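Worksheet: the structure to be examined is printed underneath.
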Amino acid sequence: MTDAVNAATTPTPRRKPKPAKREIGGRPLKPSTLMMGHGYDPVLSEGSLKAPIFLTSTFAFESAAAGKRHFEGITGIREGGAEGLVYSRFNGPNQEILEDRLAVWDGAEDALTFSSGMTAICILMMAYASAGDVIVHSGPLYAASEGFVAKTLSRFGVTYVDFPAGATREELDAVLAKARAQADAQGGKVAMIYLESPANPTNALVDVEAVRDARDAALAGTPIAIDNTFLGPLWARPLDQGADIVAYSLTKYVGGHSDLVAGSIAGAKKWINPVRALRNTMGGIVDPHTAWMLLRSLETVELRMQRAGENAAKVCAFLRDHPKVEGLGYLGFITDPRQQDIYDRHCLGAGSTFSVFIKGGEAECFRFLDNLTIAKLAVSLGGTETLASHPASMTHLSVPQARKDLLGITDNLVRISVGIEDADDLIADFAQALETV
Ligand SMILES: *Cc1c(COP(=O)(O)O)cnc(C)c1O
């Protein structure tokens with residue numbers, strides 16, 4: 001037999017992976033470095049440099065006693081969850097590597113992955129809310145998140161109190177007092193403070209530090225969760241400002257290529273464990289193939305987001321001075337001093353998703369959109385390609401007019417997510433499309 005055949009037929013001894021290296025000589029390694037190796041040792045997979053995709057529904061136990069231990073962890077009889085792989089509704093190698101790497105970006109102790117951002121958000125809320133409880137949330141939220149609270153959780157006796165994204169500490173104190181009174185009247189508790197920042201499509205930022213201070217003063221022990229899809233993981237790290245749980249649609253910047261749907265949450269184990277238990281029951285974990293795609297995406301997430309952010313800054317600088325543009329909702333050009341203060345304390349970059357207000361209304365916006373050649377007309381954001389849409393007639397069509405007015409969703413608003421194309425090509429495309437308006 002040749003060496004090659006020998007190597008292929010001799011089983012690799014089952015060695016334990018090397019302990020993960022998170023620092024060199026006291027220097028903590030950066031997430032961009034860790035994305036290439038953290039959580040995976042080729043020794044486990046015949047030396048395969050990249051993790052294989054593990055297509056299996058179940059995992060063989062080393063012994064009957066090991067099987068018992070696994071189930072003690074899964075069912076909560078023993079603290080700390082499953083120690084090994086058990087069954088693919090609970091966990092799998094690709095998902096565990098992905099969860100380890102996602103936790104690195106947010107500086108979190110633990111992370112969980114899901115089949116979509118909405119699966120993550122729904123299971124998160126269900127894990128914390130019981131009948132009689134109140135969820136406090138910033139507004140507006142992603143429409144499906146808002147709908148889940150108002151239309152679905154309400155059927156199970158969970159009510160909500162919402163507040164505008166830009167609320168001050170004083171306003172937050174009043175909102176939490178109201179929520180507490182509402183919970184008392186219903187015989188429940190305030191289950192969660194749920195935030196989304198920046199709000200879509202207004203780009204209003206939530207003051208997470210003020211929310212934390214208000215929570216500590218009035219509702220100590222109540223978790224603060226935040227949807228960080230628009231700015232994470234590069235441009236905002238809300239766990240650093242006092243959020244307990246961060247949620248993502250990985251479909252957007254993290255996946256980044258508009259070719260998959262997935263979600264995640266991250267935070268301290270004590271906050272993540274109840275969500276893991278419900279995910280074990282319900283399912284909703286991301287599949288191995290999508291997890292593998294996301295591992296590939298994570299290797300370039302910093303490069304892609306940096307480039308998209310630079311492109312957006314150049315495109316917005318061009319749009320700001322254009323005679324056919326009335327205004328911009330871009331975090332790089334904030335005009336409100338309080339919003340600027342929140343930005344300075346919370347954000348590491350202005351992102352690449354913003355609103356352009358075209359002079360005119362729907363007809364002018366449609367002419368602009370129909371004449372774009374590089375940007376594609378599609379909802380979603382955070383992909384390598386530039387996308388443009390008209391919220392008033394598309395994503396927010398079903399929002400009642402009064403609420404649209406309140407949220408500033410006007411007929412002349414175009415939503416743009418800038419990708420990683422050449423910035424000057426994008427500017428040329430926007431320039432010629434604006435000519436036709
Ligand atoms: C897209 C999105 C979601 C939902 O994520 P899916 O992956 O589509 O389920 C939630 N929140 C925000 C802010 C989003 O943009």
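What's counted below: heavy atoms across the whole structure, side chains too, no hydrogens, waters or symmetry copies. These numbers come from a predicted model, not from an experiment. Counting starts at 1 for both ligands and their atoms, in listed order.
The minimum heavy-atom distance linking Ile97 with Gly39 is given by the pair CG1-O, 3.4 Å. Here the closest heavy-atom approach between residue Asn228 and residue Pro238 is recorded as ND2-CD, 3.5 Å.
Those atoms of ligand 1 with a heavy atom of Phe230 less than 4.0 angstrom away are 13 (C), 15 (O). Taking every heavy atom of Asp227 and a limit of under 4.0 angstrom, the matching atoms of ligand 1 come to 10 (C), 11 (N), 12 (C), 13 (C). Annotation for ligand 1: atoms under 4.0 Å from non-hydrogen atoms of Ala262 are 7 (O). Each of the following atoms of ligand 1 lies closer than 4.0 Å to a heavy atom of Glu196: 13 (C). Listed by number with element, the atoms of ligand 1 under 4.0 angstrom from any heavy atom of Thr251 are 6 (P), 7 (O).
Inclusion of Met118 in the set of residues having an N or O under 3.5 Å from an N or O of ligand 1 is warranted. The distance criterion of under 3.5 Å between nitrogen or oxygen atoms is met by Gly117 with respect to ligand 1.
Under the 30°/60° scheme for interplanar angles, the aromatic rings of Trp235 and Tyr253 are found to stand perpendicular.
Atom 4 (C) of ligand 1 has its closest protein heavy atom at Tyr142 CE2, 3.4 Å. Among all non-hydrogen protein atoms, the one lying nearest atom 2 (C) of ligand 1 is Lys252 NZ, 2.5 Å.
Contact check on Lys269 versus Glu99 returns no salt bridge, with no Lys/Arg side-chain nitrogen under 4.0 Å from an Asp/Glu carboxylate oxygen. Salt-bridge check for Lys50 with Glu299: passed, with a basic side-chain N closer than 4.0 Å to an acidic carboxylate O.
Applying the ring-ring contact (aromatic ring centres under 6.0 Å, His included) test to His396 and every residue at least two apart in sequence or in another chain returns nothing. Residues satisfying the salt bridge (Lys or Arg N to Asp or Glu O under 4.0 Å) test with Asp100, not counting sequence neighbours, are none.
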